[in-house]
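Notes to accompany the following structure.
Counting from 1, the numbers follow the sequence of the chain as shown.
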Amino acid sequence: MSGDGGIDPATGASATRITQRGLWFEEFGEGTIYEHRPGRTVTEADNVLFTTLTMNTQALHLDAAWSARQPGFGGQRLINSMFTFSTIVGLSVSQLTQGTLVANLGFSEVAFPAPLFAGDTLYAETECVSKRESKSRPGEGVVNLVHVGRNQDGVVVARAARATLVRKRPESSRDGGRAEPRGTKSTEGN
């Protein structure tokens with residue numbers, strides 16, 4: 001595509017443009033599990049940077065010599081669990097909430113049942129466990145999600161329940177079209 005407003009240079013026809021977005025409230029399916037790909041291979045640099053940026057001085061994340069003397073993790077430093085948590089939520093954004101999320105209402109039931117180490121690849125999936133229309137905010141609905149992070153071996157390393165407020169499909173696109181989320185502007189016709 002050239003920068004000529006969406007005209008296909010080979011055919012001269014107007015090209016269809018689709019803006020990447022998350023799901024509207026109506027598109028979430030209760031009981032559906034959304035697998036987010038690609039995964040994210042976690043590095044030592046990720047761990048040290050995130051840990052120091054957040055002022056978490058836990059030696060299990062920063063001190064290789066000290067960690068090597070501790071029992072239980074084979075001398076390895078642990079990936080900061082808040083990095084793991086942030087990444088499993090982050091992996092879901094483009095597929096579920098990009099441009100359609102109004103607010104995070106809260107997280108609960110956060111757990112880290114197994115450790116994550118540098119060199120592991122983190123994969124995320126999200127289940128829509130329930131949804132309901134908002135009673136106080138027309139045009140929006142509450143969607144309850146459970147995010148799960150697994151390492152490359154399928155071992156669950158993180159789990160968190162999340163309540164979100166999500167926009168409903170705009171009236172202008174209820175006929176099945178893909179309306180753009182608020183805050184985006186199509187370049188079609190420019």
Side-chain angles (χ1 to χ4, degrees), residues 1 5-6 14-40 42 46 50 53-56 79-113 116 121-151 154 156-190:
M1 279 276 114
S14 188
T16 300
R17 290 184 175 262
I18 298 173
T19 300
Q20 181 173 331
R21 63 157 172 84
L23 302 178
W24 301 116
F25 172 79
E26 295 85 349
E27 295 174 310
F28 278 94
E30 289 184 358
T32 301
I33 296 175
Y34 303 90
E35 295 181 341
H36 314 301
R37 300 296 183 268
R40 173 71 158 76
V42 180
D46 295 327
F50 185 89
L53 283 173
T54 59
M55 303 296 290
N56 179 342
I79 296 298
N80 186 316
S81 59
M82 293 295 99
F83 176 87
T84 304
F85 174 74
S86 296
T87 303
I88 66 170
V89 173
L91 286 167
S92 76
V93 169
S94 64
Q95 187 176 13
L96 299 182
T97 61
Q98 180 66 46
T100 58
L101 180 77
V102 177
N104 279 318
L105 301 177
F107 290 90
S108 63
E109 302 173 34
V110 177
F112 304 99
L116 192 68
T121 299
L122 183 59
Y123 294 95
E125 60 190 46
T126 302
E127 181 179 1
C128 173
V129 294
S130 66
K131 68 179 194 175
R132 66 170 177 80
E133 292 187 19
S134 174
K135 295 173 184 138
S136 62
R137 296 181 63 116
E140 298 170 358
V142 176
V143 179
N144 293 298
L145 307 168
V146 173
H147 298 287
V148 175
R150 299 176 189 275
N151 69 12
V156 174
V157 297
R159 177 179 283 116
R162 177 182 177 202
T164 62
L165 188 63
V166 176
R167 291 184 179 98
K168 289 178 146 185
R169 182 185 301 276
E171 290 293 328
S172 62
S173 67
R174 301 243 173 181
D175 60 3
R178 283 184 65 96
E180 296 175 19
R182 292 183 200 163
T184 64
K185 180 180 179 185
S186 174
T187 56
E188 188 171 24
N190 290 344

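Between the side chain of Glu26 and the backbone N or O of Arg169 there is at least one donor-acceptor pair closer than 3.5 Å. Arg167 places a side-chain N or O within donor-acceptor distance of the main-chain N or O of Gly99, the cut-off being under 3.5 Å. A donor-acceptor contact shorter than 3.5 Å links the side chain of Thr100 to the backbone of Leu23. Remark: side-chain polar atoms of Glu30 are paired, donor with acceptor, to backbone N or O of Lys131 under 3.5 angstrom.
Relative orientation of the His147 and Phe107 rings is tilted, given thresholds of 30° and 60° on the angle between their planes.
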Assess whether side chain to side chain contact (heavy atoms under 4.5 Å, CB included) is satisfied between Leu165 and Arg137, documenting all intermediate values.
-> CA-CA 9 Å; Leu165 188 63; Arg137 296 181 63 116; 3.6 Å; yes

What do the steps show when you test Asn104 against Thr164 for side chain to side chain donor-acceptor pair (under 3.5 Å), and what is the final call?
-> CA-CA 5 Å; Asn104 279 318; Thr164 62; over 6 Å; no

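Atom OG of Ser92 is separated from atom CG of Leu145 by 7.5 Å, given to the nearest 0.5 angstrom.
Between Arg21 and Glu27 a salt bridge is recorded (basic side-chain N to carboxylate O distance below 4.0 Å).
Annotation for Phe28 and Cys128: closest pair CB-SG, 4.0 Å, computed over non-hydrogen atoms. Scanning all heavy atoms of the two residues, the minimum distance from Ala124 to Ile88 falls at CB-O, 3.8 Å. When every heavy atom of Phe25 is checked against every heavy atom of Glu133, the shortest pair comes out as CZ-N, 3.7 Å.
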